[in-house]
S.K.: 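Take this structure first; my questions come after.
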Amino acid sequence: MAIVSYGGDPTIVATRAEIERIQNGLATVANLLGDQVEPHDFLNNPLKRIGLAMELPAVQERIRFLMQALDAAANEYFDGEGLLARELTDLGLISAPIIAGGLIGLANEVGMFREHKVTATPVDKFWRSAPLGLEGLGKRLEQISGQGNIVVERYGTRFVAYLPGTQTWSPIGLGNPIDFTSNLQAMKGPGLAASERGVQLALAAAGATAGSRILLVGHSQGGLIGANIALNDKRVKGLVTFGAPISQLAEKLPVPTVAIQHKNDIVPKLGLKANPLALNLVTVERVLPISTPLAAVLEAHEIENYTKTAELADKSQDFGLSRVRDQLLGDFWPNGSIGVETAETMVFELKRVD
């Protein structure tokens, strides 16, 4: 099934709220014009009123056309689920960080979801060529094996960190920090999850310094902690997420970002709002074909299936998508070095310690 993308296009910068504001303005103008041709109004400047009455139907028809066109344009970028979540959030009825914080507070009373110190230990090192496109980034995530492992590639002063999704669902924070506890801590806010702090330790151990440039690539929890890091770490120059709940942060992200999401994957919806229409952020969506209804939840979230969607995103010529995609990838692999340049590749095991 084909992908749909929105964002990243400098010629389309209106939010849904702004579009609705313009629609309301047009409706007000139409009502004001209609009020000028009530029967009693013709007693004052009758000739002008007659002229307005003759022109009014054509003007009102043009206003209706503009309002319909605005509605169609808005609906092209925000589907019903996204609009509902956005409206609820804007009303202050739902906040993913507040919900996560509340759960953590309650669970801490019985010893659950508590965080600890974390370490990042190098366990392997090898050399490999740079990945090819967004699909190549997804394949690198597929290749990560081992509990608690993340991978960092070094290209001189440029670093790419690959951050996998949740690996264990225990409510007690045990050794592997890529777990449910880190999910909730990361949703609550930046700098709290052990997995996030472990990524920063791994980058430092890989040689990243204040002058380095960093690209973060993450699936599910990995995308969320990547977004958290990108908010405050000025070394981060790009972010690619697969099936990650980042919408609660997306308006604040300062770097070129490609967010790949399946409409039938529940995880990206956990941010409880729609991704914004922004110059630096492009959202890529499609409905993943599912083999059986029972497999829907798992298949829609698997990184292997997200890699297939990334392949479609690489081929897309949608202006906003190609603009942000090429800016992001070209910044890290300039002058045709993508897929060619060789990286020192380091595997780190993240582990909680008392």
Side-chain angles (χ1 to χ4, degrees), residues 3 5 8 122-146 149-165 178 199 202-203 206-208 212-227 229-230 235-244 246 255-262 280-284 286 302-318 321-348:
I3 62 170
S5 67
V123 294
D124 196 7
K125 181 186 292 188
F126 52 93
W127 294 82
R128 64 182 176 187
S129 298
L132 284 169
L134 298 171
E135 179 189 10
L137 297 178
K139 287 183 176 179
R140 293 284 157 94
L141 286 169
E142 288 182 37
Q143 294 165 0
I144 296 177
S145 61
N149 285 356
I150 69 167
V151 175
V152 179
E153 292 175 343
R154 179 173 185 172
Y155 303 84
T157 59
R158 291 168 287 126
F159 294 79
V160 183
Y162 298 93
L163 317 176
I178 308 177
V199 169
L203 284 166
S212 299
R213 301 172 64 83
I214 298 171
L215 170 63
L216 299 173
V217 182
H219 171 235
S220 194
Q221 181 190 138
L224 174 57
I225 64 175
I229 293 171
R235 300 175 302 170
V236 177
K237 304 302 179 184
L239 173 68
V240 179
T241 68
F242 300 85
I246 66 167
V255 300
T257 301
V258 177
I260 301 177
Q261 303 176 173
H262 292 150
N280 66 305
L281 167 67
V282 62
T283 302
V284 179
R286 77 162 172 150
E302 288 175 348
I303 184 57
E304 291 80 6
N305 286 322
Y306 270 111
T307 299
K308 296 174 184 176
T309 303
E311 180 183 5
L312 298 176
D314 281 328
K315 297 176 181 177
S316 174
Q317 295 303 310
D318 287 353
L321 170 54
S322 59
R323 174 183 168 273
V324 176
R325 178 193 64 210
D326 296 347
Q327 176 187 0
L328 187 151
L329 297 177
D331 187 41
F332 279 85
W333 294 284
N335 304 319
S337 63
I338 187 168
V340 177
E341 190 175 3
T342 301
E344 181 184 14
T345 304
M346 293 155 276
V347 181
F348 292 89

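Computed from a prediction, not measured in an experiment: that's the story for all the values here.
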S.K.: Taking all heavy atoms of V151 and all of R128, pick out the closest pair and write down the distance.
M.R.: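 Closest pair (atom of V151, atom of R128, distance): CG1-NH2, 3.5 Å.
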
S.K.: Rounded to the nearest 0.5 Å, how far apart are CG of D314 and CG of L134?
M.R.: 4.5 Å

S.K.: Say you draw a straight line from CZ of R286 to OG of S5; how long is it, rounded to the nearest 0.5 Å?
M.R.: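 Reported value, rounded in 0.5 Å steps: 14.0 Å.
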
S.K.: Ignoring hydrogens and angles, tell me if any N or O in the side chain of R213 forms a donor-acceptor pair with the backbone of G238 under 3.5 Å.
M.R.: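 Pair absent, no side-chain N/O of R213 close to backbone of G238.
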
S.K.: Just verifying a value: how many Å separate L281 CG and I246 CD1, rounded to the nearest 0.5 Å?
M.R.: 6.0 Å

S.K.: How far does CZ of F159 sit from CG of L215, to the nearest 0.5 angstrom?
M.R.: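 Taking CZ in F159 and CG in L215, the distance rounds to 12.5 Å.
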
S.K.: Let me confirm one number: the CG-CE distance from D124 to M346, rounded to the nearest 0.5 Å.
M.R.: 11.0 Å

S.K.: Hey, are the side chains of T309 and F242 touching, using non-hydrogen atoms and a 4.5 Å cut-off?
M.R.: no

S.K.: Please identify which of these residues, I150, V240, T307, V217, meets the side chain to side chain contact (heavy atoms under 4.5 Å, CB included) condition with L141.
M.R.: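 The option that passes is V217.
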
S.K.: Are any of the side-chain nitrogens in E341 or R158 under 4.0 Å away from the carboxylate oxygens of its partner?
M.R.: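 Salt bridge between E341 and R158, a charged N being under 4.0 Å from a carboxylate O: yes.
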
S.K.: Determine, step by step, whether L321 and I3 satisfy the side-chain contact (heavy atoms from CB on, under 4.5 Å) criterion, reporting the C-alpha distance in whole Å, the side-chain angles of both residues, the deciding distance to 0.1 Å, and the verdict.
M.R.: CA-CA 11 Å; L321 170 54; I3 62 170; 4.1 Å; yes

S.K.: Are any of the side-chain nitrogens in E153 or R140 under 4.0 Å away from the carboxylate oxygens of its partner?
M.R.: yes

S.K.: Using the salt bridge (charged side-chain N to carboxylate O under 4.0 Å, His left out) criterion, which residues pair with R323? Sequence neighbours excluded.
M.R.: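 Applying salt bridge (charged side-chain N to carboxylate O under 4.0 Å, His left out) to R323 gives none.
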
S.K.: Determine, for E135 against K139, whether the closest basic-nitrogen to carboxylate-oxygen distance falls under 4.0 angstrom.
M.R.: yes

S.K.: Any donor-acceptor pair under 3.5 Å linking the side chain of N149 with the backbone of S145?
M.R.: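 Indeed, once roles are kept as given, a pair shorter than 3.5 Å links the two residues.
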
S.K.: Okay, side chain of N280, backbone of V255: is any donor-acceptor separation there less than 3.5 Å?
M.R.: yes

S.K.: Specify whether H262 and Y306 have parallel, tilted or perpendicular ring planes, treating 30° as the upper limit for parallel and 60° as the lower limit for perpendicular.
M.R.: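 Judged by the thresholds at 30° and 60°, the geometry between H262 and Y306 is parallel.
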
